[in-house]
Amino acid sequence: MLDITFIRENPELVKQGMINKGEKSADAVDKVIQKDEEWRSLVTEIDTLRAENNSLSKEIGKLMGQGKKEEAQAIIKETSEGKEKLKELEEKVSVVAEERDNLLYSIPNVPDASVPVGYSEEDNEVFKTWGEQADEEWLQPHWDIAEDKKWIDFDRGSKVTGAGFPFYVGKMARLQRALINFFLNEAVEQGYTELQAPYFVNEDSARGTGQIPDKEDMMYTIPRDGFFAIPTAEVPVTNFHRDEILSKEELPIRYAAYTPCWRREAGSYGKDVRGLNRLHQFDKVELVKIVHPDTSDDELESLREYAESLLEKLKLPYRTLLMCTGDMGFTQTKKYDLEVWSPGQQRWLEVSSCSNFGSFQARRMQLRFKNEKGKTEMLHTLNGSGLALPRVVAAIIETYQTESGDVKVPEVLRPFMGAEII
RNA sequence: GGAGAGAUGGCUGAGUGGUCGAAAGCGCUCCCCUGCUAAGGGAGUAAACCCCGAAAGGGGUUUCGAGGGUUCGAAUCCCUCUCUCUCCGCCA
């Protein structure tokens, strides 16, 4: 959610941002400004009326205390009239406030000036490419190798739960555990605080990070208890400080959390979902930063660099994309995607997405701090994967396969695997 | 799952229908006093929103777990919900 005052003062900027993000119309901007004016004048009216009634009520109290019941009675009659008018206005103001808020929720975050304007994948900018993209003929996709070695059991996963819920068997299970350990150790070494988070969240939290009302369908629900299975650790971790006012000494806050993630991914099909490319349950280490507004630009760069360093340590070729306005999503001001090279599939696979949300999320969840002047101000939030496991696993299997049919263990994982060959 | 107790400001804790946004204490900030230290005195110390103002600031409204209700008036009475604690049961 954007700040209504900011919209009021920069309507053209907000409109342009909306258009650049691919919204059909930016009418909501003018509408929300008008609704806000309406709301403010109603509030002024109500406040005045209430002030009158309050002072009359105090008068009654005073008279009652002095035993002047008849004089009090006369004033009571007067306040009763004001009360009815008040009720009417209050109903009106709540309707207007809701209309204003709905409009406000429909306006996306304004893209940063450094973001390329564009409306499709092709307009994303290749920010960086690292490593050689292997393309030998004999390279196999990871699902063939995994099936051969009985490392991943998709069929039994389907039997036990459903499609997209595989079992990892033996060495493959251990590889996952190795990656989780590696990612968390690296993050802690970089100064992130490790956090173990709940896997279910309530409705307020889902709303706080914006899964509700927009993206409800992506989540699995536990209706009986009103919970949602988290689609990413971003949800519980960012909500950790919801409704809090932090002191500036606590900043920046950096968290790393490993959790499974559940996504319904309705409507997916074809080669995109083969093997480990897209699952309903997967593991991920998520990084969340809560920072001073002045530092969020730098924090995004260091977040990206950190995520990139993980792929470099695993020696997995990748590229970094700077997402264009139309491909970056509703809540972000700027976003980088990291894509690892999948030699067996000859395509790029997204393994991390590093985003700056500015104060957009913070405002929605009332995440604030006391600034230098002692005023409360919205914080900035960022997050990025560090990293999502399945596609990294796919890339490892495909990149480290040998012509003789083995798969080697990346050097940095050997201490965790206790072997050089998986 | 059953029985009971509770939720008040940064913290402790008083307040059971009327000058209560809330006593008192602690903490914190500033000032005074004190040649160090210790102690003492005074003032201040929540958030959101609206209006006025260039600003400093001023005025108003709302908020005592959340939501609804009774009343001219609610921290205080009624209803619903959430959370915390204690005991019992169950359990990794």
Side-chain angles (χ1 to χ4, degrees), chain A residues 1-9 32-105 196-208 212 222-228 236 239-251 260 359-379:
Chain A
M1 175 168 56
L2 285 174
D3 180 12
I4 183 67
T5 311
F6 177 82
I7 297 176
R8 223 189 293 152
E9 286 164 6
V32 80
I33 291 172
Q34 189 220 320
K35 273 289 163 208
D36 179 56
E37 243 153 66
E38 199 180 323
W39 176 83
R40 272 156 48 219
S41 81
L42 278 170
V43 163
T44 307
E45 202 178 334
I46 286 172
D47 283 358
T48 314
L49 200 53
R50 270 209 276 246
E52 280 170 24
N53 270 13
N54 284 348
S55 77
L56 286 174
S57 285
K58 267 186 189 167
E59 198 66 28
I60 293 167
K62 226 187 267 179
L63 291 170
M64 293 294 240
Q66 295 165 0
K68 297 178 182 169
K69 286 208 172 140
E70 285 184 16
E71 283 179 52
Q73 211 56 43
I75 303 178
I76 288 175
K77 214 170 184 183
E78 200 177 326
T79 49
S80 306
E81 288 164 25
K83 226 185 136 189
E84 269 176 48
K85 180 99 194 274
L86 205 51
K87 201 164 188 180
E88 207 178 287
L89 286 170
E90 272 166 356
E91 272 165 31
K92 213 162 150 192
V93 83
S94 75
V95 171
V96 173
E98 201 187 325
E99 288 171 346
R100 181 200 56 182
D101 289 345
N102 285 341
L103 285 165
L104 213 44
Y105 282 129
Q196 220 172 54
Y199 297 167
F200 302 146
V201 295
N202 60 29
E203 208 181 306
D204 286 344
S205 298
R207 184 164 287 113
I212 296 178
I222 294 102
R224 187 166 172 178
D225 300 288
F227 294 151
F228 298 88
N239 274 284
F240 188 60
H241 291 291
R242 169 156 53 86
D243 291 325
E244 289 182 20
I245 298 175
L246 305 171
S247 68
K248 61 181 189 300
E249 287 74 26
E250 295 175 80
L251 306 174
S359 60
F360 201 82
Q361 275 186 336
R363 188 165 299 104
R364 190 180 274 228
M365 66 174 95
Q366 292 296 300
L367 175 47
R368 297 165 291 176
F369 77 111
K370 290 262 190 210
N371 69 15
E372 294 71 15
K373 290 177 187 161
K375 294 257 183 203
T376 44
E377 192 182 337
M378 294 299 164
L379 287 156

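Chain A is the first sequence line, chain B the second, and so forth, proteins listed ahead of strands; every chain is numbered from 1.
The separation of C79(B) from C85(B), taken at their C1' atoms, amounts to 24 Å, rounded to a whole angstrom. Taking atom C1' on both nucleotides, U70(B) is separated from G17(B) by 11 Å, rounded to a whole Å. G53(B) sits 15 Å from G60(B) when the C1' atoms are compared, rounded to a whole Å. With P as the reference atom, G6(B) and A14(B) are 12 Å apart, rounded to whole Å. When the P atom is compared between C11(B) and A47(B), the two are found 13 Å apart, to the nearest whole Å. Comparing the same atom, C1', in A38(B) and in A54(B) gives a spacing of 49 Å after rounding to whole Å. Only the P atoms considered, U45(B) is 13 Å distant from A24(B), to the nearest whole Å. Between C20(B) and G9(B), the distance separating the two C1' atoms is 13 Å to the nearest Å.
Atom CG in L86(A) sits roughly 12 Å away from atom C1' in U62(B) (whole-Å rounding). Atom-to-atom, CD of E244(A) to P of A48(B) comes out at 15 Å; the value is rounded to the nearest Å. Atom CG of D243(A) is separated from atom C1' of A46(B) by 15 Å (rounded to the nearest Å). The distance between atom CG of D225(A) and atom C1' of C81(B), rounded to the nearest whole Å, is 15 Å. Protein atom CG of D204(A) is 18 Å distant from nucleotide atom P of C81(B), rounded to whole Å. Regarding I75(A), its CD1 atom lies at a distance of 16 Å from the C1' atom of U71(B), rounded to whole Å. Protein atom CD of E90(A) is 17 Å distant from nucleotide atom P of C50(B), rounded to whole Å. Per the geometry, CZ belonging to F369(A) stands 13 Å off P belonging to A48(B), to the nearest Å.
Partners of L89(A) according to the side chain to side chain contact (heavy atoms under 4.5 Å, CB included) rule, which considers only residues two or more places apart in sequence or in another chain, are L42(A), E45(A), I46(A), L49(A), K85(A). Residues that satisfy the salt bridge (charged side-chain N to carboxylate O under 4.0 Å, His left out) test with E38(A), not counting sequence neighbours, are K35(A).
The 5' end of RNA chain B is approached more closely, in terms of each residue's nearest nucleotide, by Q366(A) than by the other of Q366(A) and D47(A). Along RNA chain B, the nucleotide nearest I4(A) and the nucleotide nearest I76(A) are compared for position; the residue whose nucleotide lies closer to the 5' end is I4(A).
In this structure, the nucleotide among U61(B), C72(B), A46(B) sitting nearest to the side chain of K370(A) is A46(B). The nucleotide whose nearest atom lies closest to any side-chain atom of R50(A) is, among A48(B), C50(B), U61(B), U61(B). In the set U61(B), C49(B), A47(B), the nucleotide with an atom closest to the side chain of W39(A) is C49(B).
As the counterpart of U86(B), A3(B) is assigned, both hydrogen-bonding distances of the Watson-Crick or G-U wobble pattern falling under 3.5 Å. Nucleotide U19(B) has no partner under the Watson-Crick or G-U criteria, as no pair reaches both atom distances under 3.5 Å. Nucleotide C49(B) forms a pair with G60(B), judged by Watson-Crick or G-U wobble geometry with both contacts under 3.5 Å. With both pairing distances under 3.5 Å, A14(B) is matched to nothing as a Watson-Crick or G-U wobble pair. Look at C30(B): its Watson-Crick or wobble partner, with both distances under 3.5 angstrom, is G42(B).
Considering CD1 of I4(A) and CD of E9(A), their distance stands at 10.5 Å, rounded to 0.5 Å. Atoms CD and CE, from Q361(A) and M365(A) in turn, are 5.0 Å apart once rounded to the nearest 0.5 Å. Rounding to the nearest 0.5 Å gives a distance of 11.0 Å between CD1 of I76(A) and CG of L56(A). Note: W39(A) CH2 to Q34(A) CD = 15.5 Å, rounded to the nearest 0.5 Å. Put simply, CZ on R363(A) and CG on L104(A) are 8.5 Å apart, with the number rounded to the nearest 0.5 Å.
Of all the heavy atoms in P198(A) and P236(A), the pair that sits closest is O-CG, 3.6 Å. Summarising the geometry of H241(A) relative to L246(A), their closest heavy-atom pair is ND1-CD2, 3.8 Å, with the distance given to 0.1 Å. Here the closest heavy-atom approach between residue F369(A) and residue M378(A) is recorded as CE2-O, 3.7 Å.
Under 3.5 Å, the side chains of T44(A) and D47(A) contain no donor-acceptor pair of N or O atoms. With hydrogens and angles left out, the side-chain atoms of N239(A) and R242(A) include a donor and acceptor closer than 3.5 Å.
Using a 4.5 Å cut-off on side-chain heavy atoms (C-beta onward), F360(A) and L2(A) make contact. In this structure, K370(A) and T376(A) have side chains that are in contact, with non-hydrogen atoms separated by less than 4.5 Å.
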With 3.5 Å as the limit, what N/O pairs link the protein to nucleotides 63-70 of chain B?
none

At a cut-off of 3.5 Å, list every protein nitrogen or oxygen paired with a nitrogen or oxygen from nucleotides 51-54 of chain B, distance to 0.1 Å.
{"unit_1": "C51(B)", "atom_1": "OP1", "unit_2": "R40(A)", "atom_2": "NE", "d": "3.1"}
{"unit_1": "C51(B)", "atom_1": "OP1", "unit_2": "R40(A)", "atom_2": "NH2", "d": "3.3"}

Close N/O contacts between protein and nucleotides 9-11 of chain B (under 3.5 Å):
none

- request: Starting from the C-alpha separation in whole Å, work towards a yes-or-no answer on salt bridge (Lys or Arg N to Asp or Glu O under 4.0 Å) for R207(A) and E203(A).
  value: CA-CA 6 Å; R207(A) 184 164 287 113; E203(A) 208 181 306; 3.4 Å; yes
- prompt: Taking it one step at a time, do S205(A) and N202(A) satisfy side chain to side chain donor-acceptor pair (under 3.5 Å)?
  reply: CA-CA 6 Å; S205(A) 298; N202(A) 60 29; 3.2 Å; yes
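OP1 or OP2 of A48(B) lies within a sub-4.0 Å distance of a side-chain N or O belonging to R368(A).
Proximity of residues 51-59 of chain A to RNA chain B (heavy atom under 4.0 angstrom from any strand atom) is restricted to A51(A), N54(A), S57(A).
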